[in-house]
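Let me begin by presenting the structure, written as structure tokens, before commenting on it.
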Amino acid sequence: MDRPKEIYKTIREAGTDEFTEKRSRFIGSALPVTTEKEALDFIAAMKSKYWDANHNVYAYILREGGVQRFSDDGEPQGTAGIPVLEVLKKGGLTDLVVVVTRYFGGILLGAGGLVRAYSHGAKIAVEAAGVKHMRPAFGVELDTDYSLYGKIAYILPKYHIRQQQNDFGVSVRMRFVMAAELFEAFRAELTDLTNGAVFPYVQEELYADIPLED
């Protein structure tokens, strides 16, 4: 298995927001996705939802294959899809799709006005969805006697443990996700704390949303 190397940014959840510019209504909608099919399905859903809109402009970026796509959907070339894509790129975002819907209000915005409006539509959609940092992480498992469980549980918050699950049987089996960069320090402290009686095993390598700032 190739080990994840770099932190990347994406959005937390679906988000939408809107604004009005010279009587034109702009609706920004964003969704986290990991495949092109998911992106295209969302675009189709937004076009169906806003079937009576004048334009449903979109852009999406995927980590897999480094895919970047956009569409002006009838707006003058370069005034809509590219500005939406640029908001995503400048934000360092990936694995997401954004659709900016426009209901024309009767007043022309001009090329510069369109660029600003579609950029703003993308920005407020991303803000509504929220941004998260996905970092290389390990799924970790360990077994411990009950006599050591309390000591081990006490140090876990120090290592920003996420998704903790404990199975209580003859011994305690602990499963959790932690930042890969903290694993060696955790293993060393665990060895000292238990006099080498407990050893953590990496079961999975993945990405996880684990803020390390206190």
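This is a predicted model, so every value here is computed, not measured.
Under the 4.5 Å side-chain heavy-atom criterion for grouping Ile, Leu, Val, Met, Phe, Trp and Tyr, Leu31 is not connected to Val126 through any hydrophobic cluster. The hydrophobic clustering, which links ILVMFWY residues whose side-chain heavy atoms are closer than 4.5 Å, places Ile61 and Ile7 apart. Two different hydrophobic clusters hold Ile27 and Val57 under the rule that ILVMFWY side chains link at heavy-atom gaps under 4.5 Å. Note on Val97 and Leu85: separate hydrophobic clusters, where clusters join Ile, Leu, Val, Met, Phe, Trp and Tyr whose side-chain heavy atoms are under 4.5 Å apart, directly or indirectly. In this structure, Trp51 is not a member of the same hydrophobic cluster as Val100, with clusters built from ILVMFWY side-chain heavy atoms closer than 4.5 Å.
Of the inter-residue distances, the one linking Arg162 atom CZ with Leu156 atom CG reads 11.5 Å to the nearest 0.5 angstrom. Annotation: the span from Thr20 atom OG1 to Arg25 atom CZ amounts to 7.5 Å, rounded to 0.5 Å. In this structure, the separation between CG on Asp72 and CD1 on Ile82 is 6.5 Å, given to the nearest 0.5 Å. Atom CZ of Arg69 sits about 9.0 Å away from atom CG of Leu40, to the nearest 0.5 Å. Once rounded to the nearest 0.5 Å, the distance linking CG of Leu206 with CE of Met134 reads 7.5 Å. Note that the CG atom of Leu190 and the CZ atom of Phe183 stand 9.0 Å from one another [nearest 0.5 Å].
For His120 and Phe19, the distance between ring centers is under 6.0 angstrom. The distance between the ring centers of Tyr58 and Phe70 does not fall below 6.0 angstrom.
Using a 4.5 Å cut-off on side-chain heavy atoms (C-beta onward), Phe176 and Gln165 make no contact. Side-chain atoms of Leu182 and His160, non-hydrogen and from C-beta on, do get closer than 4.5 Å to each other. In this structure, Leu109 and Glu21 have side chains that are in contact, with non-hydrogen atoms separated by less than 4.5 Å. Taking 4.5 Å as the limit, every side-chain heavy atom of Ile11 sits out of range of all side-chain heavy atoms of Lys132. No side-chain heavy atom of Pro32 sits less than 4.5 Å from a side-chain heavy atom of Leu96.
The two residues Gly105 and Ser24 have their closest heavy-atom pair at N-OG, 3.0 Å. In this structure, Asp95 and Leu62 approach most closely via the heavy-atom pair OD1-CA, 3.6 Å. For the pair Ile210 and Ala179, the tightest heavy-atom approach, listed with the atom from each and the gap, is CD1-N, 3.6 Å. Between Ala128 and Glu13, the closest heavy-atom pair is O-OE2, 4.5 Å. In plain terms, the two heavy atoms of Ala59 and Leu88 that are nearest each other are O-CD1, 4.0 Å. Heavy atoms only, all atoms of each residue included: Val87 and Ser119 are closest at CG2-O, 3.5 Å.
Shown are Tyr118, Phe104, Tyr103, Tyr50; of these, the ring-ring contact (aromatic ring centres under 6.0 Å, His included) with Phe26 is made only by Tyr118.
In this structure, the side chain of His55 engages the main chain of Asp73 through a donor-acceptor pair within 3.5 Å. Panel note: side chain Glu38, backbone Thr34; a donor-acceptor pair is recorded below 3.5 Å. Panel note: side chain Lys9, backbone Thr94; no donor-acceptor pair is recorded below 3.5 Å. Between the side chain of Thr16 and the backbone N or O of Gly28, at least one donor-acceptor pair lies under 3.5 Å.
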Run the side-chain contact (heavy atoms from CB on, under 4.5 Å) check on Glu204 and Phe138 step by step: do they pass? CA-CA 6 Å; Glu204 183 182 11; Phe138 291 153; over 6 Å; no
Let me see the working for Tyr60 and Glu36 under side chain to side chain donor-acceptor pair (under 3.5 Å), right down to the final yes or no. CA-CA 9 Å; Tyr60 58 89; Glu36 195 151 21; 2.5 Å; yes
Taking it one step at a time, do Leu148 and Val198 satisfy side-chain contact (heavy atoms from CB on, under 4.5 Å)? CA-CA 9 Å; Leu148 296 172; Val198 178; 3.9 Å; yes
Please evaluate residues Thr194 and Ile152 with respect to the criterion side-chain contact (heavy atoms from CB on, under 4.5 Å), reporting the C-alpha separation (whole Å), side-chain torsions for both, the decisive distance (0.1 Å), and the verdict. CA-CA 8 Å; Thr194 66; Ile152 296 171; 4.3 Å; yes
Derivation of the side-chain contact (heavy atoms from CB on, under 4.5 Å) call for Ile155 and Leu193: CA-CA 10 Å; Ile155 69 169; Leu193 185 68; 4.1 Å; yes
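Residues passing the salt bridge (charged side-chain N to carboxylate O under 4.0 Å, His left out) test with Arg175 are Glu141, Asp167, sequence neighbours excluded. Under the side-chain hydrogen bond (donor to acceptor under 3.5 Å, both in side chains) criterion, Asn195 pairs with no residue at all, not counting sequence neighbours.
Figure legend: Arg187 and Tyr201 shown without cation-pi pairing, the cationic atom not lying both under 6.0 angstrom from the six-membered ring centre and within 45 degrees of its axis. For the pair Arg135 and Tyr207, the cation-pi test (distance below 6.0 Å, angle within 45°) is failed.
Between the side chains of Asn56 and Thr101, at least one donor N or O lies within less than 3.5 Å of an accepting N or O. For the residue pair Glu189 / Tyr159, a side-chain donor-acceptor distance below 3.5 Å is found, with atom types taken as modelled.
Under the side-chain hydrogen bond (donor to acceptor under 3.5 Å, both in side chains) criterion, the residue pairs touching residues 144-155 are Tyr149-Asn166, with sequence neighbours excluded.
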